[in-house]
Amino acid sequence: MSRENPVQDLPEEESLALLEGKDYGRLVFSVGGEVEIFPINYHAAGREITFRTAPGTKLAGSLIAGRAVFEVDDVAEDEVWSVIVRGPVRTLETEAEIDAAEELDLRPFVPTVKRFFVRLDADEVSGRRFRRGPEPEAPLDVPD
C-alpha cells in the first residue's frame with residue numbers, strides 16, 4: 001500500500017486469515033424487502049463461519065433468507081481493514097456437526113441460552129485494507 005493508493009484489495013487467503021483472527025462481526029440478510037443487521041460473535045475456520053443463536057428474528061430470518069452477508073473489520077491507529085463474506089446459511093443438524101460445534105470456542109456474549117448453531121458457508125470472500133492519514137490536498141484544477 002503506497003501513499004498514492006491508500007486502499008488495497010486483499011487476497012482471499014489473507015481475508016480468511018483476518019476473519020479467523022477475530023470473534024465479533026455483523027450478520028446481514030434481507031427478508032421481505034427489509035434488511036436486518038445483527039452483531040454476533042462467531043468462529044471462523046476456512047470458509048465456514050459458525051455462530052450460536054436462540055429462536056427469534058436472527059435464526060428465522062437468516063434461514064428464510066437462505067443467504068447472508070457477514071462483515072468483520074478492525075480499526076488501528078495507522079490502518080483499517082474490512083472483510084466481507086457472502087454465502088448460504090443453514091442450521092447444523094447432524095449429531096456430528098453439532099458435537100463438533102460444541103467443541104468450538106464459541107460462547108454467548110450475554111448469559112442467555114443459545115441452543116442453535118448456524119453456519120454460513122462462504123462462496124464469496126473479499127477484503128480491503130485502508131491506510132489512515134490526513135485528507136490530501138485537492139488538485140487546484142478539479143472542481144469541488
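The side chain to side chain donor-acceptor pair (under 3.5 Å) check on R90 picks up E97, D121, with sequence neighbours excluded. The salt bridge (Lys or Arg N to Asp or Glu O under 4.0 Å) test applied to D73 returns R26, not counting sequence neighbours. Qualifying side-chain contact (heavy atoms from CB on, under 4.5 Å) partners for A68, counting only residues two or more places apart in sequence or in other chains: L27, F29, V89, L120. Taking the side chain to side chain donor-acceptor pair (under 3.5 Å) definition, one finds that S30 meets it with nothing, sequence neighbours left out. In this view, D105 satisfies the salt bridge (Lys or Arg N to Asp or Glu O under 4.0 Å) rule with no residue, not counting sequence neighbours. Scanning for side chain to side chain donor-acceptor pair (under 3.5 Å) contacts around S82 gives E71, with sequence neighbours left out. Checked against side chain to side chain donor-acceptor pair (under 3.5 Å), E12 has the following partners two or more places apart in sequence or in another chain: R47.
Within the structure, ring-ring contact (aromatic ring centres under 6.0 Å, His included) pairs that include any residue of residues 44-90 comprise Y42-F70 (at least two apart or interchain). Applying the salt bridge (Lys or Arg N to Asp or Glu O under 4.0 Å) test to pairs two or more places apart or on separate chains, those with a residue in residues 111-120 are E48-R119.
Interatomic distance, CG of D74 versus CD of E79, reported as 8.0 Å (0.5 Å rounding).
In the hydrophobic clustering of this structure, V80 does not group with V72; members are Ile, Leu, Val, Met, Phe, Trp, Tyr whose side-chain heavy atoms approach within less than 4.5 Å, directly or through other members. The hydrophobic clustering, which links ILVMFWY residues whose side-chain heavy atoms are closer than 4.5 Å, places V125 and L10 together. Under a hydrophobic-cluster definition in which Ile, Leu, Val, Met, Phe, Trp and Tyr are linked whenever side-chain heavy atoms come within less than 4.5 Å, directly or via other members, F116 and V31 are assigned to the same cluster. Linking Ile, Leu, Val, Met, Phe, Trp and Tyr residues whenever their side-chain heavy atoms come within less than 4.5 Å places I98 and L104 in a single cluster.
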Practice task
Test salt bridge (charged side-chain N to carboxylate O under 4.0 Å, His left out) on R132 and D78 and set out the steps.
Solution key: CA-CA 5 Å; R132 297 184 76 181; D78 60 344; over 6 Å; no

All N/O donor-acceptor pairs, side-chain side in residues 32-39, below 3.5 Å, sequence neighbours left out:
none

Taking distance alone, no hydrogens or angles, what donor-acceptor pairs closer than 3.5 Å link side-chain atoms of residues 13-21 to residues at least two apart or in another chain?
{"residue": "E14", "atom": "OE2", "partner": "R129", "partner atom": "NH2", "Å": "2.3"}
{"residue": "S15", "atom": "OG", "partner": "P11", "partner atom": "O", "Å": "3.3"}
{"residue": "S15", "atom": "OG", "partner": "G127", "partner atom": "N", "Å": "3.4"}
{"residue": "E20", "atom": "OE2", "partner": "G46", "partner atom": "N", "Å": "2.6"}

Name the atoms and distances for all side-chain donor-acceptor pairs under 3.5 Å in residues 53-62, with sequence neighbours left out.
{"residue": "S62", "atom": "OG", "partner": "K58", "partner atom": "O", "Å": "2.8"}
{"residue": "S62", "atom": "OG", "partner": "L59", "partner atom": "O", "Å": "3.1"}

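D9 places none of its side-chain heavy atoms less than 4.5 Å from the side chain of S126.
Here the closest non-hydrogen pair linking V7 and N5 is O-OD1, 2.9 Å.
N41 places a side-chain N or O within 3.5 Å of a backbone atom of R107 that can act as its donor or acceptor partner.
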